[in-house]
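The chains referred to below are lettered A, B, ... by the order of the sequence lines, with proteins before strands, and numbering in each begins at 1. Note that the structure is a prediction, hence the values are computed from the model and not measured. All values below come from the heavy atoms of this structure, side chains included, with hydrogens, waters and symmetry mates left out.
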There are 2 protein chains.
Amino acid sequence: MPAKKPSQNQHDQDTEHRFLRSDARRNLDSLLNAAMAVFETSGVDAPMKEIAGKAGVGVATVYRHFPQRSDLIVAVLAQQIDACADAAKVFAADYAPNEALSRWMQRYIDLVAKKRGFAGALHSGDPAYAGLAPYFFKRMEPALAGLLADASSAKVIRAGVTAGDLLTAVVRLCHGPQGEEPAYARSMTRLLLEGMACGTKE
Amino acid sequence: MPAKKPSQNQHDQDTEHRFLRSDARRNLDSLLNAAMAVFETSGVDAPMKEIAGKAGVGVATVYRHFPQRSDLIVAVLAQQIDACADAAKVFAADYAPNEALSRWMQRYIDLVAKKRGFAGALHSGDPAYAGLAPYFFKRMEPALAGLLADASSAKVIRAGVTAGDLLTAVVRLCHGPQGEEPAYARSMTRLLLEGMACGTKE
DNA sequence: GACAAAACGGAATGACATTCCGTATAAACG
DNA sequence: CGTTTATACGGAATGTCATTCCGTTTTGTC
């Protein structure tokens with residue numbers, strides 16, 4: 001028998017490590033990186049061949065890991081969601097509460113505003129993407145809630161603003177016409193945050 | 001010489017009559033109807049062949065009238081925008097100001113909420129759809145402005161709400177998750193309108 | 001009725017997504 | 001180290017469209 005017994009798989013997203021041969025793991029990582037890069041430059045409708053090429057694998061390899069095109073898109077998105085949510089812990093550890101909050105919001109805006117076609121996929125009604133919005137909130141809400149709690153107990157922001165409300169508001173603010181600069185979202189969000197401040201401005 | 005001289009073309013959208021042979025005109029109408037029906041049932045990604053088939057023409061005929069797939073989508077959308085905008089005059093003539101306003105808003109919501117993939121196309125960033133949003137406003141804004149003015153001078157709504165604001169607000173309200181029932185948008189919009197009323201409720 | 005411009009329909013063409021299949025390779029075993 | 005075999009691989013089919021081409025059919029004029 002070639003392989004020992006599988007242990008377990010951890011949670012829910014496709015980026016997870018079930019039990020992969022070492023080369024398969026390497027290709028999977030390469031694939032996710034390539035896909036992220038290509039989606040950013042050519043949009044989510046880029047040909048599979050381009051992604052496979054950039055990852056240095058054949059197309060069949062892409063399909064073995066991601067049976068449908070949408071699975072790859074979901075995986076990339078989930079990875080970015082995870083990265084953004086996880087950044088909250090880092091900022092919280094490295095900066096004062098208000099600074100941490102502010103920096104994380106930048107990060108969040110960059111993710112939400114840089115929607116090269118992702119938004120279209122999300123709102124397309126395709127059931128393949130149905131789980132993403134819930135996942136988005138499941139990850140983001142606790143991340144922001146922690147930062148808000150810190151800022152709130154440090155008395156730099158007023159209480160009473162929920163994480164969910166803020167997340168949603170920013171998403172909507174970023175939902176303007178396609179080519180819109182993230183600068184708009186940033187400035188609108190700055191207003192939001194200043195509005196939440198405790199009047200301790202300069 | 002086969003045809004007499006062209007007269008002129010009227011305005012901007014593709015649904016316009018430049019100078020067409022009778023059969024071409026017939027096919028164009030048939031095509032627009034077929035496309036509207038197919039888009040509604042199968043979504044905007046339906047194969048051209050399906051549309052051409054339902055219209056009883058060959059695919060080449062579709063492409064002669066609409067060089068790109070997006071041109072057909074734009075034409076159908078423009079037609080629906082026109083129909084909705086034009087309905088304002090009819091309602092204004094047939095009903096009391098508040099009733100006319102209310103009925104037109106229903107019509108408008110039905111158009112905006114019934115976004116079988118159209119929203120995705122609009123927000124896709126594809127330059128082919130760049131002109132649609134401006135066109136949408138150019139047609140809708142005057143239509144609603146007239147109704148609002150009537151209702152305002154009849155003292156059934158308070159002044160100070162602009163047509164543009166209202167149009168945008170409703171679009172945003174309808175912008176929820178894909179499968180969302182129009183009932184949600186309707187009830188939210190009812191709230192908006194009641195909020196605008198002059199306190200003359202029962 | 002004859003003619004030429006305008007339209008037509010269906011058969012190419014070309015780009016993809018997705019699937020198939022013979023080959024190569026990592027891991028367990030001797 | 002060699003053998004073995006399940007896994008994984010890559011590139012060549014296959015199938016589905018959008019879009020284009022071209023020989024044939026209409027339409028409007030004379």
Looking only at atom types and distance, does a side-chain atom of B/Thr168 sit under 3.5 Å from a main-chain N or O of B/Gly164, one as donor and one as acceptor?
yes
Are any side-chain N or O atoms of A/Ser70 and backbone N or O atoms of A/Ala128, one a donor and one an acceptor, separated by less than 3.5 Å?
no
B/Arg103 bridged to B/Glu99 by N-O distance under 4.0 Å:
yes
For A/Tyr108 and A/Leu167, indicate whether the former's side chain and the latter's backbone hold a donor-acceptor pair under 3.5 Å.
yes
Can you tell me the distance, in whole Å, between the CD1 atom of B/Ile51 and the P atom of C/dG9?
15 Å
Tell me what A/Gly56 touches on the nucleic acid: a base, only sugar-phosphate, or nothing, going by heavy atoms under 4.0 Å.
sugar-phosphate
Whole-Å distance separating the CG atom of A/Leu31 from the P atom of D/dA8:
14 Å
Side-chain heavy atoms of A/Arg186 within contact of A/Met105, under 4.5 Å:
no
For B/Phe91, does the six-membered ring have the charged nitrogen or CZ of B/Arg107 within the cation-pi criterion, i.e. under 6.0 angstrom from the centroid and within 45° of the normal?
no
Rounded to the nearest angstrom, tell me the gap between atom CZ in B/Arg26 and atom P in C/dG9.
11 Å
Sugar-phosphate or base contact per nucleotide [nucleotides 10-18 of chain C; S, B, -; heavy atom under 4.0 Å]
BB----SSB
Separation of D/dC9 C1' from A/Arg64 CZ (nearest whole Å):
6 Å
From B/Lys138 atom NZ to B/Ile81 atom CD1, the distance as rounded to the nearest 0.5 Å
10.5 Å
Expressed as a whole number of angstroms, how long is the span from A/Arg21:CZ to D/dC9:C1'?
8 Å
So, A/Tyr63 and A/Asp71: side-chain donor and acceptor under 3.5 Å apart, yes or no?
no
Whole-Å gap separating P (C/dA27) and CG (A/Asp23):
7 Å
Counting only N and O atoms by type, is there a donor-acceptor contact under 3.5 Å from the side chain of B/Trp104 to the main-chain atoms of B/Cys84?
yes
Using a 4.0 Å cut-off on heavy atoms, which residues in residues 34-44 of chain A reach DNA chain D? List them by number, or say none.
none
Counting only side-chain N and O atoms of B/Asn27, is one of them less than 4.0 Å from OP1 or OP2 of C/dA7?
no
Student check: side-chain heavy atoms of A/Leu77 and A/Leu132 closer than 4.5 Å
yes
Pairing string of DNA chain C (Watson-Crick or G-U wobble, both atom distances under 3.5 Å; | = paired to other strand) is ||||||||||||||||||||||||||||||
Whole Å only: how far is the CG atom of B/Leu20 from the P atom of C/dA5?
18 Å
Verify the distance criterion only: is there a donor paired with an acceptor across the side chains of B/Thr162 and B/Asp165 at less than 3.5 Å?
yes
N or O in side chain of B/His65 less than 4.0 angstrom from C/dA7 OP1/OP2:
no
